[in-house]
S.K.: 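I have a structure I would like to understand better, so I am pasting it below and will then ask my questions one at a time.
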Amino acid sequence: MSGSTPHSAQKALFAGCYSTFLINGMLALVLGAMLPYMRQSYGIDYALAGVLLSLHSVGNLVSSFIAGVIPLYIGRRASAVLLSSMGAVSFGLMLLGANPIVLMLAFFFTGICRGSISNYNNTVINSIAPGKAWALNLLHAFFAVGAFLCPFLVLFFTKENPEGWRNAAILLLVGCVFISLVYAMLQPPDNRPVKKAGEESSYGFLKKREFWLAAGILFSYLCTEQGVNGWLVTYFKDSGLMSDAYAQSMASILWLFILAGRLLCAYLSTRFSTSRLLCISACGYLGFFVLMITSRSLVPITIRIMGLGFFMAGLYPTTISDVGGLVKQYPLAMSVLLTIAGCGSILMPSIIGMVAEKVGIAGGMSTVIIAVIVCMALIFCNGYLKRKEKVN
């Protein structure tokens with residue numbers, strides 16, 4: 001770990017980042033979990049629902065970039081507090097009513113909040129434990145815990161009353177306030193509002209092949225993750241494959257096995273290269289997604305959801321760790337990387353919604369397979385080039 005940050009401050013940063021990332025995991029899944037009930041409450045069709053989910057991703061994208069730029073002027077802590085406070089605003093807007101513009105703003109602001117948390121936590125953890133895949137995998141394991149808990153939370157509130165989604169929104173509003181308070185108390189590294197000079201603050205990373213491979217992998221991965229997060233419950237519910245309660249549990253099972261996979265990846269990353277871990281994960285990722293989307297009975301679907309979550313688990317954090325040195329060298333690299341990646345999470349929910357409006361939700365979900373194949377191809381390309389570099 002970096003010697004520039006005192007040990008006690010490092011411990012506080014780990015605790016703060018891990019606890020806030022747990023809530024961020026809930027933010028990632030709460031919109032998809034609440035969407036079926038919001039559609040019923042506000043009369044939202046598939047197309048508008050897809051736009052709302054994409055606006056969340058637009059906010060995530062915008063925040064991923066500005067969260068890397070604003071700290072250069074007002075400091076990392078002030079930036080994190082400002083942007084994460086948008087989460088409380090967003091859930092407040094959701095509770096106001098059915099006006100489409102208000103809902104669009106609400107979903108956009110959830111993305112601003114979520115993207116700023118992701119940028120801050122990934123950057124801080126990478127700064128105090130540069131290139132340590134275990135630290136980032138453990139961070140994202142906390143994310144998976146929150147994502148796992150979220151559908152059960154929504155199910156608890158909506159079990160007797162479909163309008164109970166509002167209580168879930170209130171709870172997440174409080175969680176976002178907690179995040180802002182935690183950020184206000186932390187002492188992140190490089191907190192000074194001073195714009196760095198020289199090569200390290202330049203865009204030299206844009207000339208690096210490893211950066212673009214990582215950006216492509218994360219772009220295609222987030223196409224799948226956001227498509228699944230946003231539409232999985234609706235897909236299972238509206239296609240008649242399972243009941244509301246079972247559909248919500250599928251989202252939780254997915255993230256339970258993502259949690260298990262990330263913990264295993266954190267362990268294996270100390271023994272295997274990141275490129276090898278990524279290649280193994282990619283094979284299972286493609287296989288289980290195809291099996292899941294073609295399943296029509298409960299037991300096979302459940303088993304394949306478990307496998308999909310397990311092999312999805314390490315793709316995001318391990319890819320970031322794979323370019324950890326580059327991210328540490330160039331302060332803007334993380335923001336640009338997450339901005340490019342975030343474009344994937346914008347496109348896919350809307351594509352699924354538009355296709356579903358024309359041919360049904362099953363057809364919409366089937367479009368995700370394209371992103372899965374692209375992700376696997378880029379991972380194997382990255383592995384091949386890394387191996388070639390070692391030989392030379």
S.K.: Which atom names give the shortest non-hydrogen contact between Trp212 and Leu206, and what distance separates them?
M.R.: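 The pair with the smallest heavy-atom distance is NE1-O, 2.6 Å.
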S.K.: Donor-acceptor pair, Arg76 side chain versus Tyr120 backbone, under 3.5 Å?
M.R.: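 A pair under 3.5 Å: no.
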S.K.: Do Ser127 side-chain atoms and Thr123 backbone N/O form a donor-acceptor pair below 3.5 Å?
M.R.: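 Confirmed, Ser127 side chain pairs with Thr123 backbone.
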S.K.: Let me check something: do Leu326 and Leu136 share a hydrophobic cluster, defined by ILVMFWY side-chain heavy atoms less than 4.5 Å apart, either directly or through other members?
M.R.: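 As far as the 4.5 Å side-chain criterion goes, Leu136 and Leu326 are connected within one cluster.
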S.K.: Do Ser118 and Asn122 pair up side chain to side chain, a donor and an acceptor below 3.5 Å, judged on atom types alone?
M.R.: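 Asn122 and Ser118 do have a side-chain donor-acceptor pair below 3.5 Å.
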S.K.: Before giving the answer on side chain to side chain contact (heavy atoms under 4.5 Å, CB included), spell out for Leu378 and Tyr221 the whole-Å C-alpha distance, their side-chain angles and the decisive distance to 0.1 Å.
M.R.: CA-CA 11 Å; Leu378 290 172; Tyr221 170 78; over 6 Å; no
S.K.: Ignoring hydrogens and geometry beyond distance, is a side-chain donor-acceptor pair present between Glu163 and Ser41 at under 3.5 Å?
M.R.: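 Indeed, the side chains of Glu163 and Ser41 share at least one donor-acceptor pair under 3.5 Å.
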S.K.: Taking all non-hydrogen atoms of both residues into account, name the closest pair between Phe288 and Phe311 and its distance.
M.R.: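 So the minimum-distance heavy-atom pair works out to CE1-CE1, 3.6 Å.
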S.K.: Would you sort out whether Asn167 and Phe156 count as a side chain to side chain contact (heavy atoms under 4.5 Å, CB included), showing the intermediate values?
M.R.: CA-CA 10 Å; Asn167 295 324; Phe156 171 78; over 6 Å; no
S.K.: Should Val228 and Ile303 be regarded as members of a common hydrophobic cluster, given that ILVMFWY residues are connected when their side-chain heavy atoms come within less than 4.5 Å of each other, either directly or indirectly?
M.R.: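 In one cluster with Val228: Ile303, no.
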S.K.: Taking Arg262 for the side chain and Ala313 for the main chain, is one N or O donor matched with an acceptor at less than 3.5 Å?
M.R.: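 Between the backbone of Ala313 and the side chain of Arg262 there is a qualifying donor-acceptor contact (under 3.5 Å).
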S.K.: Determine whether the side chains of Tyr246 and Thr302 contain a donor N or O and an acceptor N or O closer than 3.5 Å.
M.R.: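 Side-chain D/A pair, Tyr246 to Thr302: present.
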S.K.: Provide the closest heavy-atom pair for Leu213 versus Cys381 in the form atom of the first, atom of the second, distance.
M.R.: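 Between these two residues, the closest heavy atoms are CD2-SG, 4.1 Å.
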S.K.: If we only count heavy atoms from C-beta on, is the Asp238 to Arg39 side-chain gap below 4.5 Å?
M.R.: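 Result yes, sub-4.5 Å side-chain heavy-atom pair found.
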S.K.: Would you say Leu308 and Ile258 make side-chain contact, with heavy atoms under 4.5 Å?
M.R.: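 When only atoms from C-beta onward are counted, Ile258 and Leu308 do not touch, as no gap falls below 4.5 Å.
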S.K.: Parallel under 30°, tilted from 30 to 60°, perpendicular over 60°: which one fits the rings of Tyr42 and Trp165?
M.R.: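 Tyr42 vs Trp165 ring planes: perpendicular.
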S.K.: Got a donor-acceptor contact below 3.5 angstrom from the Ser252 side chain to the Ser249 backbone?
M.R.: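 Not a single qualifying donor-acceptor pair exists.
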S.K.: Quick one: closest heavy-atom pair of Asp322 and Glu210, and the distance?
M.R.: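 Nearest heavy atoms, Asp322 then Glu210: O-OE1, 4.3 Å.
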S.K.: Can you find a heavy atom in the side chain of Phe143 that is under 4.5 Å from one in the side chain of Ile117?
M.R.: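 No, side chains not in contact.
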S.K.: When you check the side-chain N and O atoms of Thr20 and Asn121, is any donor under 3.5 Å from an acceptor?
M.R.: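 A pair is found: one side chain offers a donor N or O, the other an acceptor, under 3.5 Å apart.
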S.K.: Taking the side chain as every heavy atom from C-beta outward, state whether Met94 and Leu31 have any pair of such atoms under 4.5 Å apart.
M.R.: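 Result yes, sub-4.5 Å side-chain heavy-atom pair found.
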S.K.: Are Tyr18 and Phe142 close enough that their ring centres sit under 6.0 Å apart?
M.R.: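 Between Tyr18 and Phe142, the centre distance is under 6.0 Å.
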S.K.: Below 4.5 Å, heavy atoms only, C-beta onward: do Pro317 and Leu139 meet side chain to side chain?
M.R.: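 No, every pair of side-chain atoms sits at 4.5 Å or beyond.
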S.K.: Show your working on side chain to side chain contact (heavy atoms under 4.5 Å, CB included) between Val154 and Val30 and close with a plain yes or no.
M.R.: CA-CA 8 Å; Val154 175; Val30 73; 4.3 Å; yes
S.K.: If every non-hydrogen atom of Cys176 is compared with every non-hydrogen atom of Leu27, which pair is closest and at what distance?
M.R.: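 In this case the closest contact between Cys176 and Leu27 is SG-CD2, 3.9 Å.
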S.K.: Any side-chain heavy atom of Tyr285 within less than 4.5 Å of one from Val372?
M.R.: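 Touching, per the 4.5 Å side-chain cut-off.
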S.K.: Same cluster or not: are Val81 and Ile74 linked, directly or through other Ile, Leu, Val, Met, Phe, Trp or Tyr residues, by side-chain heavy atoms under 4.5 angstrom apart?
M.R.: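 Result: yes, single cluster for both.
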S.K.: Between Ala247 and Lys237, which heavy-atom pair has the shortest distance, and what is it?
M.R.: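 The pair with the smallest heavy-atom distance is CB-N, 4.3 Å.
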S.K.: I'd like to check Thr158 versus Met34 (side-chain heavy atoms, cut-off strictly below 4.5 Å). Are they in contact?
M.R.: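 The answer is no, as the side chains (C-beta and beyond) never meet within the 4.5 Å cut-off.
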S.K.: Ser54 side chain to Ile346 main-chain N or O, any donor-acceptor pair under 3.5 Å?
M.R.: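 Yes, the answer is positive, given that a donor and an acceptor are paired below the 3.5 Å cut-off.
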S.K.: Would you say Ser90's side chain and Phe109's backbone share a donor-acceptor pair under 3.5 angstrom?
M.R.: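 Between the backbone of Phe109 and the side chain of Ser90 there is no qualifying donor-acceptor contact (under 3.5 Å).
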S.K.: Please confirm whether Arg166 makes a cation-pi placement over Phe157, using NZ or CZ under 6.0 Å from the six-membered ring centre and within 45° of the ring normal.
M.R.: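 The answer is no, since Arg166 fails at least one limit relative to Phe157.
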S.K.: Could you check whether any side-chain N or O of Ser63 sits under 3.5 Å from a backbone N or O of Ile112, counting only pairs where one atom can act as donor and the other as acceptor?
M.R.: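 Looks like yes, one N/O pair under 3.5 Å.
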S.K.: Assess the side chains of Ser84 and Ser116: does a donor N or O sit below 3.5 Å from an acceptor N or O?
M.R.: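 There is no such pair between these side chains.
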S.K.: Taking the side chain as C-beta and beyond, is there a heavy-atom pair between Leu264 and Phe310 under 4.5 Å?
M.R.: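 Sidechains of Phe310 and Leu264: in contact.
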